[in-house]
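Worksheet for the structure shown next.
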Amino acid sequence: MTMETQRSASHPATPPSAASSGPAPADPGTAATPAPPAASPEKIKFFADREKIYPRNIHGTWRQIKWAVLGVLLALYYIGPWIRWDRGPGAPDQALLIDMPGRRAYFFTIEIWPQEVYYLTGLLIIAAIGLFLVTAWFGRVWCGFTCPQTVWTDLFMWVERKIEGDRNARLRLDKAPLSFGKAGRKIGKHAAWLLIALATGGAWIMYFNDAPTVVRAFFTGQASTAVYGFTALFTATTYLLAGWAREQVCIYMCPWPRFQSAMFDEDSLIVTYEDWRGEPRGSARKGQSFEGRGDCVDCGLCWQVCPTGVDIRKGQQMACIGCALCIDACNNVMDRFGRPRNLITYDSIANQNARAEGRPVRMRLVRPRTLIYIAVLAIAATVMAYTLVTRDRVDVAVQPDRSPLFVQLSDGSIRNAYTFKILNMERNNKSYTLTTAGITGAMLTVIGYQAEPATSTVLPARPDDVATFRVLVTAPPESVPLATHDLWFVLTDQATGEVVEHRTVFASSGN
Amino acid sequence: MAEQKEVDRLTGTETTGHEWDGIKELNTPLPRWWLYVFYATILFSVVWVILYPAWPIGLSDYTKGVIGYSARADLMRDLEAQRAERAVWRERFEAQEVAEIARDPDLLQFAMAGGRVLFADNCAPCHGSGGAGAPGFPNLVDDNWMWGGTLEEIHHTVVYGVRNDHPEARMSEMPAYGTLGILERDEIAAVADHVLHLAGRGEDDPRGREIFAEQCAACHGDAGKGLAELGAPDLTNNIWLFGGTRQDIIAQIRQPRHGVMPYWFERLGEAELKQVTIYVHALGGGQ
């Protein structure tokens with residue numbers, strides 16, 4: 001697999017648990033290369049302790065992009081439920097709403113009924129293929145920039161830095177004996193985290209309830225147990241996952257890093273270390289000659305800024321989420337030494353090999369893999385959009401009675417009974433004309449609406465509702481000589497003339 | 001277990017020190033928090049056993065748990081809440097006549113839903129799940145009624161039943177013409193032929209016609225159209241409660257069978273009786 005290709009000859013292949021065997025955070029200033037595991041008198045451990053990571057703050061282009069993405073995504077999430085959208089009387093005026101008790105989902109002008117939930121399937125297919133395509137092109141941008149785990153972890157780290165200071169201050173604080181100052185900072189940090197987590201869980205609930213109503217109810221103690229329960233659940237998971245679990249989620253819990261290498265090839269952009277010009281590494285003084293040695297000054301900044309504690313110089317590894325912060329770190333150092341930037345770079349493996357051999361590089365966006373993803377994406381999006389635009393706003397569901405299948409009346413005619421449902425998915429009262437086709441002389445009776453048999457009848461339907469009727473169809477025996485016959489119900493909207501036809505079965509004795 | 005770490009040469013991974021026939025196990029340690037989550041689940045089960053019903057004691061008892069939770073009590077509470085929720089409907093059903101209820105689309109809908117369940121619980125054993133009946137048990141879906149098919153008539157039949165010991169019950173009894181010696185064997189056969197002819201099947205028998213006019217027309221009418229007030233069935237429509245062959249008809253004249261239906265006003269409430277009435281009426285045959 002290309003992903004696992006190890007271009008750095010000086011290090012052994014890295015197993016998936018590389019992150020935890022990464023640099024020891026206890027010696028921040030010293031060289032980053034960890035000693036390979038070797039025979040030692042320590043006892044064997046069957047459970048690995050988490051090595052706490054203290055990411056250092058960094059400035060640079062990628063950090064700027066990461067902040068911008070974080071801001072936009074958090075704003076979308078928190079503002080989303082507050083957007084109002086007028087749907088007329090009787091309908092919720094929230095643009096984004098999943099109304100569980102009412103069995104409706106609202107997305108601006110689109111209203112989804114339960115039987116249309118395949119649009120959700122379509123959306124998930126589009127999202128998945130889109131993710132595959134972006135991964136094939138640009139690597140782990142989802143993991144590094146947009147995944148909620150990344151976004152909230154980044155936010156929590158920012159809070160942590162504001163309260164406890166940067167990497168070295170945090171290391172000192174954790175080593176320091178318990179004091180009022182330390183306790184205050186720790187309590188402050190966790191309080192701030194819990195507050196953010198509460199806001200996160202609270203915002204989630206708003207997507208399932210009218211936002212202003214549920215917020216008022218929440219703070220006056222009037223909200224339902226479900227609202228408090230789910231808020232507590234999402235508060236707890238946000239706090240635990242973004243505050244405590246962090247990179248453990250990416251390394252141990254998330255399935256996506258495990259199989260996304262299937263979307264990679266040698267032309268996918270990845271965060272990678274240019275070992276061909278970095279090695280042999282070694283510490284350097286400012287202004288010294290780089291003749292006969294690599295550009296890497298072994299300062300260790302690249303792994304100190306890493307939110308998952310990875311040393312990117314060991315090559316591609318599962319724990320690297322592709323956030324590119326090490327690129328910023330290394331560029332700052334290269335600038336200081338007057339060496340070319342992008343010793344750690346966002347590049348493809350093919351281009352890296354080309355650069356190492358001095359061949360020209362090229363960006364290959366059009367590849368069989370990406371073309372297939374684009375084609376599948378286009379098909380899925382077209383089908384989705386087409387069905388959404390042309391979908392019916394009135395539908396009919398018919399269920400023939402099965403016990404008995406048919407009844408012989410005293411005049412010898414045959415009658416079938418049907419449960420007849422009209423799904424009026426529009427926001428106004430409707431009136432429909434119901435007729436039948438396919439059986440000569442068929443007459444309609446509707447319990448509560450049409451007492452005398454007639455060839456057509458009028459059925460009302462309330463706005464955004466399902467109207468249920470018991471419809472009886474009576475046919476003269478000579479029209480229904482077989483055991484089963486096709487019968488069409490023809491429903492015509494009296495206002496618009498829109499017609500819905502539904503085929504069903506008319507049963508008879510067959511003799 | 002070996003006390004010293006040992007590294008596998010090929011993979012560069014530590015071994016656990018376990019060895020079987022020269023095969024050694026690689027050590028890829030689980031994260032320690034995973035171990036703690038495992039302990040937490042064990043702790044959870046202990047807390048659960050203390051709080052909730054958990055262990056059986058013998059065959060008929062169990063540990064109750066300290067918070068006194070019971071799924072049965074939960075169900076009873078839910079049912080009570082449901083009854084309270086339906087009280088407003090119940091009141092409307094009790095306050096209005098059956099015919100009035102059937103004219104209100106919302107009440108009709110409610111009656112159909114409730115009636116369906118009531119019918120399945122109480123009536124379906126004899127009349128069939130869809131009301132199609134069986135030999136001896138009337139079909140409620142067709143348009144043929146022994147005791148009348150209007151809402152009021154159906155309501156009366158459901159409330160008081162048929163041929164039971166209640167004074168208001170539907171009551172009729174056809175004489176056993178054969179076993180009581182009123183008619184001879186050949187006379188019964190002649191009447192049966194006439195009855196078949198009334199239903200449009202076979203040649204008429206003049207002797208049968210004569211006997212029918214004397215013996216049967218008082219209840220079944222001259223033309224055999226029946227009389228709902230007396231519970232006398234229509235004999236002309238080819239819908240037969242006890243079978244439609246010549247043999248069946250002869251047997252029914254010789255020694256008639258009579259169905260019995262219990263009264264339901266003791267078992268069902270007023271609202272339920274009205275719901276099941278409307279449901280039966282709406283099966284298709286209601287007049």
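Residue numbers begin at 1 in each chain, while the letters A, B, ... track the order of the sequences.
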Fill in: Top contributor to chain B interface from Asp411(A), Asp401(A), Leu472(A) [non-hydrogen pairs under 4.5 Å]
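Option with the top pair count is Leu472(A).
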Discussion item. With no hydrogens and no angle check, just 3.5 Å: does a side-chain donor-acceptor pair link Ser410(A) and Asp143(B)?
Written reply: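 On atom types as modelled, these side chains qualify, holding a pair under 3.5 Å.
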Worksheet item: Is the His18(B) ring parallel, tilted or perpendicular to the Phe46(A) ring (thresholds 30°, 60°)?
Response: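 Tilted, since the angle between the ring planes falls between 30° and 60°.
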Worksheet item: Between Ala282(B), Pro105(B), Gly200(B), which residue shows the highest count of heavy-atom pairs closer than 4.5 Å to chain A?
Response: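 Of Ala282(B), Pro105(B), Gly200(B), Ala282(B) has the most heavy-atom pairs under 4.5 Å with chain A.
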Discussion item. Which one wins on heavy-atom pair count under 4.5 Å against chain A: Asn144(B), Val141(B), Thr236(B)?
Written reply: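 Heavy-atom pairs under 4.5 Å are most numerous for Val141(B).
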Fill in: Contacting moiety of Tyr449(A), where chain B heavy atoms sit under 4.5 Å
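It is the side chain, since no backbone atom gets that close.
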Please check if atom [atom1] in [X] has more than 12 non-hydrogen atoms from other residues, nucleotides or ligands closer than 6.0 Å.
{"X": "Trp256(A)", "atom1": "CH2", "result": "yes"}
{"X": "Arg32(B)", "atom1": "CZ", "result": "yes"}
{"X": "Phe44(B)", "atom1": "CZ", "result": "no"}
{"X": "Gln287(B)", "atom1": "CD", "result": "yes"}
{"X": "Glu452(A)", "atom1": "CD", "result": "no"}
{"X": "Arg116(B)", "atom1": "CZ", "result": "no"}

Given side chains that start at C-beta, do those of [X] and [Y] come closer than 4.5 Å, heavy atoms only?
{"X": "Met112(B)", "Y": "Thr468(A)", "answer": "no"}
{"X": "Gln248(A)", "Y": "Pro31(B)", "answer": "yes"}
{"X": "Leu283(B)", "Y": "Arg470(A)", "answer": "yes"}

Worksheet item: Salt-bridged, Arg462(A) to Asp106(B), with N to O below 4.0 Å?
Response: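 Salt bridge between Arg462(A) and Asp106(B), a charged N being under 4.0 Å from a carboxylate O: yes.
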With a 4.5 angstrom heavy-atom cut-off, could you sort out which part of [X] is near chain A: side chain, backbone, both or neither?
{"X": "Ile278(B)", "result": "neither"}
{"X": "Ile239(B)", "result": "side chain"}
{"X": "Asp234(B)", "result": "neither"}

Item to complete: Considering non-hydrogen atoms only, spot the tightest contact between Asn139(B) and Val407(A) and give its length.
Response: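 The pair with the smallest heavy-atom distance is ND2-CG1, 4.3 Å.
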Discussion item. For a quick test of reading the model, state the closest non-hydrogen atom pair linking Pro29(B) to Ala48(A) and the distance between them.
Written reply: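 Smallest heavy-atom distance, with atoms named: CB-N, 3.7 Å.
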Worksheet entry | Evaluation steps, side chain to side chain contact (heavy atoms under 4.5 Å, CB included), between Asp142(B) and Gln408(A) | CA-CA 7 Å; Asp142(B) 61 27; Gln408(A) 184 171 356; over 6 Å; no
Fill in: Pairwise distance CZ(Phe47(A)) to CH2(Trp33(B)) - rounded to 0.5 angstrom
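Rounded to the nearest 0.5 Å, the CZ-CH2 separation comes out at 12.0 Å.
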Item to complete: Using atom types as modelled and distance alone, determine if a side-chain donor or acceptor of Asn238(B) lies under 3.5 Å from a backbone N or O of Gly412(A).
Response: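 Not a single qualifying donor-acceptor pair exists.
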